[in-house]
Amino acid sequence: MNYITEIKKLKEEKNAVILAHCYQNIEVDEVADFVGDSLYLSQMAAKTDADIIVFAGVYFMAQTAKILNPAKKVILPNINAGCDMADMINLQQLREFKSKHPNIPTVCYINSTAEVKAECDICCTSSNAVKIVKSLNAPEVLFLPDKNLGRWVEKQLGNVKVITYNGYCPIHDQFEPSGIEKTKSQHPKALVLAHPECPESFVDLADYVGSTTGIMNFVKNSNEKQFIIATEKGVLDRLKRDYPSKEFFDINATPSICQSMKLNTITDIYNALKTEQPEIQVNKEIADKAIKCINRMLEVSQ
Ligand code: 13P
Ligand code: SF4
């Protein structure tokens, strides 16, 4: 069976849309309607008039799409696709963090559970985090779970104290400044493009810091020919496919792979569309609170 053809047929029959994060296995792009970063995909999820949303991404992304579309069927092709960073803070840990720093607005990264979003003021993604924190007009904010993104936002703004929770992405947190020195010694002209989930000591040395879509747009708009890519391998794969006349280098000898992101296979997507499972459900009381936090972000990001 040709899974790609069958998926396309099923999408049509069932009025389904496939949203894919750019860390997914690259072949997923062949069936996806929209491919991009977390912000773009949540905006597409909020807008879609499809009856079924298949989210080729990780759990918090599908959960966010379900919160935005309570009446629609939202499916995560492989239910085990989680996010280690999102799992670093639960409701009790959030409450402890807030009680240590009372009366300060709380910003949660979209990489968090619905329960956590339900008790935060506004959420953000890596592409709008600076704008979101700025929009609060507060001298101090609590930021969770990603300490690295929080530190980067604080540096960009310069006049807001960002109190960070101690979470991080295990993939991005392992990038070290020595990797830049080593790769640059081999490719001195290459620009370093980094995701803000990388540590502060690393992003300080980068030529550009931005979300996955931000990195891809930077390459698109740049006249430079060589780039060192400091994020998950999915971005590197897509850049190599889309810009064959440019050169891209990984920062580490072994590629940086988010195993969870790679769990959704073409076969999983076919089975998900065929059986309309595994379906994501969110407790209504939690969803009603979490949607405020998500909608505030979408309003500020327009
Ligand atoms: P963006 O999609 O915002 O670049 O974030 C990357 C990520 O880690 C998603 O889990
Ligand atoms: Fe989570 Fe990091 Fe994987 Fe993104 S790359 S889904 S932040 S573990």
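Indexing begins at 1, ligand by ligand and atom by atom, following the structure's order. For the single chain, residues carry numbers from 1 onward in sequence order.
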For this session: Would you mind checking which non-hydrogen protein atom is closest to atom 5 (O) of ligand 1, with the distance to 0.1 Å?
Result: His195 NE2, 3.4 Å

Problem set entry | ligand 1 versus Met85: contacting region, heavy-atom distance under 4.0 Å | neither

Exercise. Any Lys/Arg nitrogen of Lys284 or Asp288 sitting under 4.0 Å from an Asp/Glu carboxylate oxygen of the other?
Worked result: yes

For this session: Give the residue and atom name of whichever protein heavy atom lies nearest to atom 3 (Fe) of ligand 2, and the separation in Å to one decimal.
Result: Cys258 SG, 2.4 Å

Problem set entry | ligand 1 versus Tyr109: contacting region, heavy-atom distance under 4.0 Å | side chain

Exercise. What is the closest protein heavy atom to atom 1 (Fe) of ligand 2, and at what distance does it sit?
Worked result: Cys83 SG, 2.4 Å

Seminar exercise, completed: Looking only at protein heavy atoms, what sits closest to atom 10 (O) of ligand 1 is Asn111 ND2, 3.2 Å

For this session: For atom 2 (O) of ligand 1, find the nearest protein heavy atom and state the residue, atom name and distance (0.1 Å precision).
Result: His21 NE2, 2.6 Å

For this session: Take the angle between the ring planes of Phe248 and Phe227 and call it parallel below 30°, perpendicular above 60°, tilted in between.
Result: parallel

Exercise. For atom 3 (O) of ligand 1, what is the nearest protein heavy atom, given as residue, atom name and distance?
Worked result: Ser126 OG, 2.7 Å

Exercise. What is the ring orientation for His187 with Phe249, classed by angle as parallel under 30°, tilted 30 to 60°, or perpendicular over 60°?
Worked result: parallel

For this session: Just jot down the ligand 2 atoms closer than 4.0 angstrom to any heavy atom of Tyr23, in number order.
Result: 5 (S)

Exercise. For atom 2 (Fe) of ligand 2, what's the nearest protein heavy atom and its distance?
Worked result: Cys169 SG, 2.3 Å

Problem set entry | Top protein contact for atom 8 (O) of ligand 1, by heavy-atom distance | Glu197 OE2, 3.0 Å

For this session: Report yes if some N/O of Ser38 lies less than 3.5 Å from some N/O of ligand 1; otherwise report no.
Result: yes

